[in-house]
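Worksheet: the structure to be examined is printed underneath.
Order of the sequence lines fixes the chain letters, A, B, ..., with proteins taken first and strands second; residue numbering starts at 1 for each chain.
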2 protein chains.
Amino acid sequence: MPELKIQHILTLSYLLSKGAKHNYVTITTSSLGKNIKKSQQSASKHLLELEQNQFIDRIISGRNISVKITSKGFSEMVKLSAILQKSLDSFPSHIELKGTLISGMGEGAYYMGLKGYTKQFKSKIGYIPFPGTLNVRLDQKIHQEAIKQFETLDGIKIKSFSDEKRTYGWVKCFPAKLNNSINCDLILLERTHHDNSVIELISKSCLRKTAKLKDGSKVTIKIPVNI
Amino acid sequence: MPELKIQHILTLSYLLSKGAKHNYVTITTSSLGKNIKKSQQSASKHLLELEQNQFIDRIISGRNISVKITSKGFSEMVKLSAILQKSLDSFPSHIELKGTLISGMGEGAYYMGLKGYTKQFKSKIGYIPFPGTLNVRLDQKIHQEAIKQFETLDGIKIKSFSDEKRTYGWVKCFPAKLNNSINCDLILLERTHHDNSVIELISKSCLRKTAKLKDGSKVTIKIPVNI
DNA sequence: ATTACTAGGCTCCGAGTAG
DNA sequence: TCTACTCGGAGCCTAGTAA
């Protein structure tokens with residue numbers, strides 16, 4: 001059975017948009033060529049081939065050529081469109097990171113415990129984080145690269161604030177799942193002290209205990225992405 | 001600006017289905033080749049070209065190759081899918097016929113006036129047709145061909161019936177618009193006395209009068225098609 | 001003005017193969 | 001195993017041109 005050639009997609013698409021599903025539409029090969037950004041000669045060949053493979057019906061009367069898409073041609077287009085559509089819709093809507101638990105400096109714990117942050121955490125993510133963040137080192141390059149996406153994503157924004165001494169930067173939170181089971185939040189700091197290879201997680205309770213983790217444990221983090 | 005090559009559609013589609021929108025996915029060129037029905041070599045080339053044109057990001061570590069679709073690549077796919085989708089959805093959902101009014105033999109009027117038919121007309125299309133059908137000759141081949149589609153379409157079915165003499169065949173009705181304004185019905189007879197070049201219309205009132213037509217008048221008939 | 005043939009070039013593919 | 005190079009052949013495109 002003759003398959004629909006990939007280079008004929010645009011031709012069929014154009015014919016379809018001209019109403020060639022139900023009616024014979026009259027066109028010239030040069031206008032078709034313009035529309036599919038090919039030469040008149042190519043357009044002519046396309047029509048000949050499409051007819052040969054029974055994707056279109058062609059009627060020639062005098063200098064006019066009229067074309068109608070067959071049900072076979074139409075269903076091929078539907079099939080193709082469905083494949084595309086599906087691949088666009090059905091990608092997993094989460095980002096997956098893998099890494100190794102490492103011990104932080106305790107800095108995270110200090111900052112996240114500040115009143116200026118905790119008040120916002122309570123109202124915006126619904127809990128006051130357990131004092132102490134979970135640091136995860138992303139071992140593979142692919143995960144270090146993946147984390148970069150969050151810079152452009154919005155998440156839940158914890159605003160910066162100041163006390164008499166200094167200003168504390170904003171924090172972005174992304175609800176996440178640790179090891180496919182435990183709810184937590186990935187946090188991105190405006191002023192971070194480490195590069196893309198380490199991420200920080202916060203949670204209501206002590207993650208090290210609830211997830212039974214210790215330094216060196218391998219962990220998986222999934223963060224849903226609202227497209 | 002480098003355009004997305006048409007032959008790369010399937011590759012991108014496959015990567016997308018593997019989740020390469022948000023995450024770097026690790027693949028081999030031979031598995032990709034299998035999936036897009038090309039050779040390993042072609043798959044390799046595809047990835048190289050896609051990377052060159054910034055439709056994907058590629059990370060190579062050791063023998064593994066990880067791939068992620070860029071926002072540019074993604075939007076190209078969305079664009080393409082939208083074009084296809086639109087051309088599939090937006091075709092005019094009616095069949096248009098043009099022809100010339102001719103005088104019938106009066107046969108239509110006789111048959112359609114039979115009780116066995118009129119009773120069904122009343123209940124199924126809501127009126128008893130004016131006695132006398134309007135015959136239209138389809139002058140162009142494209143319209144003669146277009147009419148063939150109705151053989152496979154359902155329409156409103158008027159059943160066959162018998163009296164003591166003979167059996168009268170079924171009739172299919174398709175609601176139509178004459179000259180873009182007057183409601184009527186296209187009828188297709190099981191046993192017709194003419195070929196594809198002539199169609200018959202029925203209406204509540206006398207079409208010749210309401211549409212101010214005489215033999216030789218050019219008419220346009222539009223029949224909606226429920227896809 | 002058309003459509004569509006031929007000729008030639010350019011692209012794309014895959015077999016062979018190196019690393 | 002893997003990626004990706006070269007290269008020959010097949011297929012696609014366009015310029016020129018006939019009808």
Toward the 5' end of DNA chain C, by each residue's nearest nucleotide, B/Ala43 or A/Asn64: A/Asn64

Touch class at under 4.0 angstrom, heavy-atom based, for B/Leu32 against every strand present: nothing

salt_bridge(A/Lys148, A/Glu145) N-O dist < 4.0 Å: yes

Any B/His46 side-chain N or O less than 4.0 Å from OP1/OP2 of C/dC12: no

Sugar-phosphate, base or nothing in reach of B/Ser44, heavy atoms under 4.0 Å: base

Rounded interatomic separation in angstrom, taking NZ from A/Lys37 and P from D/dT14: 13 Å

Closest-nucleotide ordering on DNA chain C, the 5'-leading residue of A/Ile65 and A/Lys45: A/Ile65

Whole angstrom value for the distance that separates P of D/dA4 from NZ of B/Lys38: 18 Å

Distance below 4.0 Å between A/His8 side-chain N/O and D/dC12 OP1 or OP2: no

B/Lys72 atom NZ: more than 12 heavy-atom contacts under 6.0 Å: yes

Atom-pair distance (CD1 on A/Ile6; C1' on C/dC13), nearest Å: 15 Å

side-chain N/O A/Arg58 vs C/dA4 OP1/OP2, d < 4.0 Å: yes

Whole-Å gap separating P (D/dC2) and CZ (B/Arg63): 9 Å

side-chain N/O B/Gln7 vs C/dC12 OP1/OP2, d < 4.0 Å: yes

Any A/Lys5 side-chain nitrogen or oxygen under 4.0 Å from OP1 or OP2 of D/dG11: no

Charged N-O contact under 4.0 Å between B/Glu49 and B/Lys45: yes

N/O donor-acceptor pair, side chain A/Gln41 with base D/dG16, under 3.5 angstrom: yes

Nucleotide C/dC10, atom P - distance to CD of B/Glu49 in whole Å: 17 Å

Nearest-angstrom distance from the residue atom CG of A/Leu10 to P of D/dC12: 15 Å

Between P of C/dA1 and CD of A/Gln40, the distance in whole Å: 12 Å

Sugar-phosphate, base or nothing in reach of A/Leu47, heavy atoms under 4.0 Å: nothing

A/Ser42 vs D/dC12: side-chain N/O to OP1/OP2 distance below 4.0 Å: no

Nucleotide C/dT11, atom C1' - distance to CG of B/Leu48 in whole Å: 16 Å

Electrostatic pair B/Asp154-B/Lys172, nearest N-O below 4.0 angstrom: no

Pairing of B/Glu96 and B/Lys98 as salt bridge, 4.0 angstrom limit: yes

